[in-house]
Amino acid sequence: MEFFGLSETAFRLGLFASIFLIMAILETWLPRRKRRFTRGQRWTTNIGILVSDFLAVSAVTFVIPLTAVITAFWASANGWGLLNILDLPLWLEWLIAIIVLDWVIWAQHLITHKVPILWRLHRVHHSDVEMDATTAVRFHPLEIIFSIFVKSAAILVLGPAAAAVVVFEALVNGSAIFNHANFNLPRPLDIIVRAVFVTPDMHRVHHSVHRHETDSNYGFFLSIWDRIFNTYVPQPQDGHDEMEIGLAEWQDDAPTRFTWAISFPFRNPPHTPSEQSKAAMTEQPQSQDQ
Ligand SMILES: [Zn+2]
């Protein structure tokens, strides 16, 4: 499959690198918050997690050739999925594919907050003590593999074109780098953009140490789902400058270490969401990081 004369892999990598570079420049020129930790160790860890994701996905797909795009090709060849059965105009098929897949990712994100075993994986993302463009790639390899299965199941039911899946994944990944970035999108612009898309200020609420804020604003691309399903919190209660980012129990530099982050899902006690919010109210930060 080719995009703008590039192979699918070159297209994905090129787009990722371009958006990342733009965001890194904006973070330097127009920072939103003062950094508590320097970039060095966090970036090494977050990029290290990205490399682990790539290696884990390569290993899994070597054994079971399963990715969202492969599933989309298989579904269209075998007539699986609603969009492969209906004869809709191409533009409408693409629009439906992107909107429905975005809802699936939103729902999957919500579920990773509610199911304790999935929260163990997803809290690696939330444990980042700062937020910037690299936080967008800080997902544990097991969560990435879980996500491939969820997307593939959705694709079997929906039957989107493989090219639409590539474009959708590029949109969600690009949007995630944008809305995790620590740059100051002027407020009037934020208001216009967040009418449809998730902005950095909107997503920052989701990375608050306060559990009721963590359990809000699940969107990565479209902002509509949180409004429709009543999980929308417009601004953080402590304000964007003063709010603490990460998990209440781990506010030291431990989460900036690669080995800590990769082993975090297997750490005990398990900290189910309810236990964690209780702990956040009663325990001192760092007290459980033994
Ligand atoms: Zn989350």
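Note that ligands are numbered from 1 as they come in the structure, with each ligand's atoms numbered from 1 the same way. What you are looking at is a predicted structure, and each value in this text was computed from that prediction instead of being measured.
No option in R42, R36, R257 other than R42 meets the salt bridge (Lys or Arg N to Asp or Glu O under 4.0 Å) test with D128.
Salt-bridge check for R39 with E27: passed, with a basic side-chain N closer than 4.0 Å to an acidic carboxylate O.
When all heavy atoms of M131 and N179 are compared, the closest pair comes out as CE-O, 3.8 Å. Contact between D241 and R33 at its shortest, heavy atoms only, is O-NH1, 3.5 Å.
Minimum-distance N/O/S atom of H113 relative to the Zn ion (ligand 1): NE2.
To the nearest 10 degrees, the Zn ion (ligand 1) sees NE2 of H206 and NE2 of H122 at an angle of 170°.
Coordination check, H126 versus the Zn ion (ligand 1): passed, since an N/O/S atom of the residue sits under 2.8 Å.
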